Amino acid sequence: MLNKLAEFSRTRLAWGLLFFSAFVLEAIALYFQYGMGLEPCIMCIYQRTATLGIVAAGLIGLASPASLPVRLIALSCWGVSAIWGWLLAKEHISMQTTTDPFAFTCDFVPNFPSFMPLHEWLPAFFAATGDCGNIDWFFAGLSMPGWMEVIFALYSLCFIAFAAVFIAKR
């Protein structure tokens, strides 16, 4: 099993699936925003950014999946993005379920680094226009951040499996 996973981690298919799955999530986010009229809040934008990190990890891995340094960079990007996304989704759920109106603040301007103001460069993608506390969408009993928590948890578990194989079978 470990050998098969190690072999799979060196294939374009593995990294292509990672890229494609995260890319589809970005497309779905844009559909929710522009097709359904659901306005993204600051936490949604940050989760969108974490998903873009997973897209980038897939692209990096696709570049040369057999190369050890490339896989290491891709794995690092994947791990940071997946775990950061999970933490963001978890915090977003807390914002939506708290009964204390002073428990959180929902900014309207993303806190991107000054050298990379994504919300100014691509406002249609990175501008936060919604309220973090609003629950505008449910599916199977979970709100959007609930589903993102599940998705990022799955990405994190897959990352842990790939990282374990990477360490064991370098």
Side-chain angles (χ1 to χ4, degrees), residues 1-36 38 40-93 109-128 139 142 144-170:
M1 174 77 171
L2 209 57
N3 286 335
K4 287 187 182 210
L5 189 57
E7 288 173 26
F8 185 61
S9 73
R10 293 182 182 95
T11 67
R12 290 195 191 281
L13 177 62
W15 296 101
L17 286 172
L18 181 68
F19 165 78
F20 182 72
S21 66
F23 183 81
V24 167
L25 287 174
E26 292 291 359
I28 291 169
L30 290 173
Y31 172 74
F32 279 140
Q33 181 176 355
Y34 292 106
M36 295 175 64
L38 301 177
C41 69
I42 196 74
M43 296 302 287
C44 297
I45 295 301
Y46 290 154
Q47 289 168 70
R48 187 178 286 186
T49 305
T51 305
L52 277 179
I54 296 171
V55 168
L59 283 174
I60 293 166
L62 271 170
S64 183
S67 167
L68 183 64
V70 169
R71 276 198 331 274
L72 180 59
I73 292 167
L75 274 171
S76 298
C77 187
W78 178 3
V80 167
S81 298
I83 294 167
W84 180 53
W86 180 78
L87 292 170
L88 288 166
K90 191 172 167 76
E91 182 180 353
H92 195 177
I93 291 168
V109 179
N111 190 17
F112 292 122
S114 60
F115 65 87
M116 193 170 51
L118 297 175
H119 60 292
E120 293 174 10
W121 295 347
L122 294 168
F125 196 82
F126 291 106
F139 179 72
L142 291 176
M144 198 165 309
W147 279 107
M148 291 310 298
E149 183 182 34
V150 169
I151 290 166
F152 282 122
L154 291 172
Y155 276 129
S156 296
L157 290 173
C158 291
F159 158 73
I160 290 167
F162 269 55
V165 165
F166 180 83
I167 292 167
K169 297 286 186 179
R170 286 193 288 141

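Because the structure is a prediction, the values reported are computed rather than measured. All values below were derived from every heavy atom in this structure, side-chain atoms included, with hydrogens, water molecules and symmetry-related copies excluded.
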Under the side chain to side chain contact (heavy atoms under 4.5 Å, CB included) rule, collect the residues that match up with Leu17, sequence neighbours excluded. Phe8, Leu13
Please check if the side chain of Arg10 supplies one atom and the backbone of Ala66 the other of a donor-acceptor pair under 3.5 Å. no
In terms of heavy-atom contacts, Trp78 and Phe159 come closest through CZ2-N, 3.5 Å
By the side chain to side chain donor-acceptor pair (under 3.5 Å) test, which pairs, at least two apart or in different chains, include something from residues 17-26? Ser21-Tyr155
For Phe152, the ring-ring contact (aromatic ring centres under 6.0 Å, His included) test, sequence neighbours excluded, returns none
Taking every heavy atom of Val70 against every heavy atom of Gly61, the minimum-distance pair comes out as CG1-CA, 4.4 Å
What distance separates Ile54 CD1 from Ile151 CD1, expressed to the nearest 0.5 Å? 9.5 Å
Kindly state each residue pair satisfying side chain to side chain donor-acceptor pair (under 3.5 Å) with at least one member in residues 47-58, sequence neighbours excluded. Gln33-Arg48, Gln47-His92
Ile160 CD1 to Leu75 CG distance, which is reported to the nearest 0.5 Å: 11.5 Å
With sequence neighbours left out, write down each residue that passes side chain to side chain contact (heavy atoms under 4.5 Å, CB included) with Phe139, or none if nothing qualifies. Trp137, Trp147
Distance-only check: which donor-acceptor pairs under 3.5 Å involve side-chain atoms of residues 80-91, not counting sequence neighbours?
residue	atom	partner	partner atom	Å
Ser81	OG	Cys77	O	2.9

Stepwise side chain to side chain contact (heavy atoms under 4.5 Å, CB included) test for Leu18 and Phe162: CA-CA 12 Å; Leu18 181 68; Phe162 269 55; over 6 Å; no
Taking all heavy atoms of Ala14 and all of Thr11, pick out the closest pair and write down the distance. N-OG1, 3.2 Å
Could you list all the side chain to side chain donor-acceptor pair (under 3.5 Å) pairs where at least one residue sits in residues 58-67, not counting sequence neighbours? none
For the residue pair Ile45 and Pro40, establish whether any side-chain heavy-atom pair is separated by less than 4.5 Å. yes
Atom of Met144, atom of Phe32 and distance for their closest heavy-atom approach: CE-CD1, 3.5 Å
Run the side chain to side chain contact (heavy atoms under 4.5 Å, CB included) test against Ile93 and tell me which residues pass, sequence neighbours left out. Thr97, Pro145, Glu149
For Phe23, ring-ring contact (aromatic ring centres under 6.0 Å, His included) partners two or more places apart: Phe19
